[in-house]
*Asks:* 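Take this structure, written in structure tokens, and hold onto it; I'll ask about it next.
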Amino acid sequence: MEIVQHSSLKNHHTFGIHVSAAVLAHIDQPEELAELAVMKSLPPIALVLGGGSNILFTRPVNGTVIHNRIKGISILRENEQYVWVRAMAGVVWHDLVKFALSHNLGGIENLALIPGYVGAAPVQNIGAYGAEAKDTIESVVCWHLEEKNFFTLNVAACRLGYRDSIFKQELKGKTIITSVDFRMDKYPRPNTAYGAIRQELEKAGVDKPTIQTVAAAVIAIRRSKLPDPTVINNAGSFFKNPVITTAQLAIIHKDYPEMPFYPADEQMVKIPAGWLTEQAGWKGYRKGDAGVHPHQALVLVNYGHALGTEILALSDTIMQSVQSRFGILLEREVQIW
Ligand code: FAD
Ligand code: NAP
């Protein structure tokens with residue numbers, strides 16, 4: 001464990017905004033959470049950070065920030081069909097994907113190159129290219145900040161939904177995930193349902209996809225399309241794709257017949273939020289150092305010295321403009337501190 005007083009969090013999140021933390025505690029073992037809980041000299045734990053790729057800071061943190069550095073990937077057991085893999089919460093997500101690919105274990109290949117750590121994967125049930133973390137997560141081990149004990153939640157209890165989970169609801173701010181168990185498939189069935197993957201595989205001349213070629217396709221698409229936070233500060237999609245009823249869709253389609261949609265739950269459809277923000281004219285917008293990426297209207301960026309409050313205010317204005325034009329209320333995906 002390493003404890004730093006009055007630390008800047010600028011290099012610990014991908015928006016690159018300077019905010020201070022009263023205490024930053026880097027944790028290397030789950031047991032250190034129990035040690036921290038009895039250290040009277042430290043302010044209470046206020047927040048846990050992984051890779052900081054899904055958070056916007058708008059104010060300093062007066063408490064203790066935990067930076068999760070708990071590493072390790074191990075195979076727990078296997079049967080004819082599956083292998084159960086435990087990844088500690090501080091493992092970089094893409095390193096787990098590489099582990100799965102090298103052992104030819106299927107289930108998370110479509111989630112290649114998503115930034116961040118394993119511990120945050122259940123928090124918003126990360127998803128991309130037709131797959132979600134919930135497809136493979138079996139259970140999650142957490143530390144309870146008030147009860148000061150470890151407990152395990154099975155996947156049903158985690159209530160993983162579209163970019164949502166119990167960790168963003170009832171357990172928000174109350175738990176620290178220390179490890180996640182995954183059930184991976186020994187006989188992978190590559191998922192190429194997402195149009196962009198099929199196109200990329202075709203381009204690469206792949207006619208019999210494997211999890212390795214699907215992951216390579218996802219990596220190629222992501223590198224060509226998505227802004228790299230090491231080059232330009234951002235936290236990926238700022239808003240969730242709104243889910244509306246088919247009745248609402250029919251009304252909006254009268255004025256905007258070209259509006260794309262994808263089936264969600266029964267009687268519901270998902271609208272790409274990036275299409276809505278682009279149509280509302282936000283693509284490439286910039287005020288000071290806060291802006292909207294010129295090629296991705298769903299990604300808000302900090303060009304250098306934007307304040308978190310400026311980016312938050314920009315997101316409010318975008319939400320208002322989308323609502324007044326389409327009658328759809330966007331919801332932020334990025335966590336606001
Ligand atoms: P952080 O930003 O550190 O934390 C996010 C939230 O989770 C915070 O509220 C934090 O307190 C909480 N948290 C973190 N770790 C723990 C823990 N151990 N226990 C309890 N709570 C915890 N997301 C997708 O779903 N799909 C994508 O395709 C995708 N693409 C992205 C592309 C780019 C370029 C970027 C910048 C982001 C993208 N994201 C995507 C968003 C982000 O990468 C994911 O949400 C990721 O899981 C965040 O991980 P993190 O470790 O950086 O979390
Ligand atoms: P895209 O391929 O241009 O598609 C735009 C939107 O349409 C996506 O958000 C996607 O919803 C939806 N979509 C497209 N094809 C679909 C299909 N066949 N079935 C269902 N939904 C479909 O999107 P993009 O911006 O380049 O992102 C590609 C993928 O990476 C998406 O899955 C996206 O979620 C993910 N991503 C997420 C983040 C983040 O921060 N959360 C950042 C970058 C990329 P879904 O989002 O539900 O897939």
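Not measured: the values here are computed from a predicted model. Read the numbers this way: they start at 1 and go in the same order the structure lists the ligands and their atoms.
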*Asks:* With respect to R222, determine whether any N or O atom, backbone or side chain, lies less than 3.5 Å from an N or O atom of ligand 1.
*Replies:* yes
*Asks:* Please say whether G127 places an N or O atom under 3.5 Å from an N or O atom belonging to ligand 1.
*Replies:* yes
*Asks:* Tell me the protein heavy atom at minimum distance from atom 1 (P) of ligand 1, and give that distance in Å.
*Replies:* G52 N, 3.5 Å
*Asks:* Establish, for the pair K134 and Y162, whether the NZ or CZ atom is under 6.0 angstrom from the six-membered ring centre and no further than 45 degrees off its axis.
*Replies:* no
*Asks:* Compare every heavy atom of A46 with every heavy atom of G63, then report the nearest pair and how far apart it is.
*Replies:* CA-CB, 4.1 Å
*Asks:* Heavy-atom distances under 4.0 Å decide this one: backbone, side chain, both or neither, for S237 against ligand 1?
*Replies:* neither
*Asks:* Ignoring hydrogens, what is the shortest heavy-atom contact between L145 and T175? Give both atom names and the distance.
*Replies:* CD1-N, 4.2 Å
*Asks:* Mind checking whether Y129 contacts ligand 2 via backbone (N, CA, C, O), side chain (CB onward), both or neither, at a 4.0 Å heavy-atom cut-off?
*Replies:* both
*Asks:* Taking distance alone, with no angle check, do S237 and ligand 2 share an N/O pair under 3.5 Å?
*Replies:* yes
*Asks:* Determine, using ring centers only, whether W282 and F238 are less than 6.0 Å apart.
*Replies:* no
*Asks:* Please identify which atoms of ligand 2 are closer than 4.0 Å to at least one heavy atom of R163.
*Replies:* 34 (O), 41 (N), 46 (O)
*Asks:* Within the 4.0 Å heavy-atom shell around L49, which atoms of ligand 1 are there?
*Replies:* 3 (O)
*Asks:* Is it the case that over 12 heavy atoms from other parts of the model lie below 6.0 angstrom from the NZ atom of K10?
*Replies:* no
*Asks:* Among all protein heavy atoms, pick out the one at the shortest distance from atom 16 (C) of ligand 1; state its residue, atom name and that distance to 0.1 Å.
*Replies:* V48 CG1, 3.7 Å
*Asks:* Locate the shortest heavy-atom distance separating K168 from E333; write the atom from each residue and the value.
*Replies:* NZ-O, 3.8 Å
*Asks:* Check each atom of ligand 2 against the heavy atoms of P272 and keep those under 4.0 Å away; list them by number with element.
*Replies:* 6 (C), 7 (O)
*Asks:* Tell me whether ligand 1 is touched by I114 - counting only heavy atoms on the residue side and a distance under 4.0 Å.
*Replies:* yes
*Asks:* Please report which non-hydrogen protein atom sits nearest to atom 24 (P) of ligand 2, along with the residue it belongs to and the distance in Å to one decimal place.
*Replies:* K225 NZ, 4.0 Å
*Asks:* So for R163, does at least one of its heavy atoms come nearer than 4.0 angstrom to any atom of ligand 1?
*Replies:* yes
*Asks:* To the nearest 0.1 Å, how far is atom 19 (N) of ligand 1 from its closest protein heavy atom, and which atom is that?
*Replies:* I177 N, 2.8 Å
*Asks:* Salt-bridge test for R159 and E170: reply yes if a basic N is under 4.0 Å from a carboxylate O, no otherwise.
*Replies:* yes
*Asks:* Using heavy-atom distances only, which candidate in K270, E132, E333, H295 approaches atom 45 (P) of ligand 2 most closely?
*Replies:* K270
*Asks:* Would you say N54 has any N or O atom under 3.5 Å from an N or O of ligand 1, going by distance alone?
*Replies:* yes
*Asks:* Please say whether I126 places an N or O atom under 3.5 Å from an N or O atom belonging to ligand 1.
*Replies:* no
*Asks:* Which heavy atom of W275 sits nearest a heavy atom of F326, and at what distance?
*Replies:* CZ3-CE2, 3.7 Å
*Asks:* Closer than 4.0 Å to some heavy atom of T175 - which atoms of ligand 1 meet that?
*Replies:* 20 (C)
*Asks:* Which of parallel (below 30°), tilted (30 to 60°) and perpendicular (above 60°) describes H12 and H26?
*Replies:* tilted
*Asks:* Would Q296 count as a contact of ligand 2 if the rule is a heavy atom under 4.0 Å away?
*Replies:* yes
*Asks:* Looking at E78 and K186, does any basic side-chain N land under 4.0 Å from a carboxylate oxygen?
*Replies:* yes
*Asks:* For atom 6 (C) of ligand 1, grab the closest protein heavy atom and report residue, atom and distance to one decimal in Å.
*Replies:* Q335 CG, 4.0 Å
*Asks:* Can you list the atoms of ligand 1 that are under 4.0 Å from a heavy atom of L47?
*Replies:* 11 (O)
*Asks:* Where is the tightest heavy-atom contact between L298 and F239, given as atom of each residue plus distance?
*Replies:* CD1-O, 3.8 Å
*Asks:* In plain terms, say whether D316 and R332 are close enough for a salt bridge, that is, a side-chain N and a carboxylate O under 4.0 Å apart.
*Replies:* yes
*Asks:* Just jot down the ligand 2 atoms closer than 4.0 angstrom to any heavy atom of G236, in number order.
*Replies:* 40 (O)
*Asks:* Could you check which of A133, A120, G116 puts a non-hydrogen atom nearest to atom 14 (C) of ligand 1?
*Replies:* A120
*Asks:* Charged N to carboxylate O below 4.0 Å: is that the case for E147 and K174?
*Replies:* no
*Asks:* Within a distance under 4.0 Å of any heavy atom of N234, pick out the atoms of ligand 1 and give their elements.
*Replies:* 34 (C), 36 (C)
*Asks:* Answer yes or no on whether R286 is positioned over the face of Y303, meaning its NZ or CZ is under 6.0 Å from the six-membered ring centre and within 45° of the axis.
*Replies:* yes
*Asks:* Answer with yes or no whether C142 contacts ligand 1, where contact means a heavy atom under 4.0 Å from a ligand atom.
*Replies:* no
*Asks:* If hydrogens are left out, which of H293, Q124, H12 has an atom nearest to atom 25 (O) of ligand 1, that is, the closest non-hydrogen atom?
*Replies:* Q124
*Asks:* What are the two closest non-hydrogen atoms of E200 and A220, and how far apart are they?
*Replies:* OE2-CB, 3.5 Å
*Asks:* In sequence, state the C-alpha distance, the side-chain angles, and the governing distance for Q212 and N104, and then conclude on side-chain hydrogen bond (donor to acceptor under 3.5 Å, both in side chains).
*Replies:* CA-CA 8 Å; Q212 290 77 11; N104 201 36; 3.1 Å; yes
*Asks:* For atom 52 (O) of ligand 1, tell me which residue out of A235, G236, S53 has the closest non-hydrogen atom.
*Replies:* S53
*Asks:* Among side-chain atoms of Q124 and K240, is any donor-acceptor pair under 3.5 angstrom?
*Replies:* no
*Asks:* Heavy-atom pairs closer than 4.0 Å: do any link ligand 2 to the side chain of N241, the backbone, both, or neither?
*Replies:* side chain
*Asks:* I want to know if ligand 1 touches Y117 in the polar sense, i.e. an N/O pair below 3.5 angstrom.
*Replies:* yes
*Asks:* State the atoms of ligand 1, each with its element, that fall below the 4.0 Å cut-off from a heavy-atom position in P227.
*Replies:* 34 (C)
*Asks:* In Å, rounded to the nearest 0.5 Å, how long is the span from CG of N234 to CG of L300?
*Replies:* 9.0 Å
*Asks:* Does an N or O anywhere in A121 fall below 3.5 Å from an N or O of ligand 1?
*Replies:* no
*Asks:* Please report the C-alpha distance between D164 and Q169 in whole Å, then the side-chain angles of each, then the deciding distance to 0.1 Å, and finally whether the side-chain hydrogen bond (donor to acceptor under 3.5 Å, both in side chains) criterion is met.
*Replies:* CA-CA 8 Å; D164 197 19; Q169 307 294 338; 2.9 Å; yes
*Asks:* Hey, which atoms in ligand 1 end up nearer than 4.0 Å to a heavy atom of A128?
*Replies:* 28 (O)
*Asks:* Just heavy atoms, cut-off under 4.0 Å: does N54 contact ligand 2 by side chain, backbone, both, or neither?
*Replies:* neither
*Asks:* Hey, is P229 touching ligand 1 through its side chain, its backbone, both or neither, going by heavy atoms under 4.0 Å?
*Replies:* side chain
*Asks:* So is there a nitrogen or oxygen of P115 less than 3.5 Å from a nitrogen or oxygen in ligand 1?
*Replies:* yes
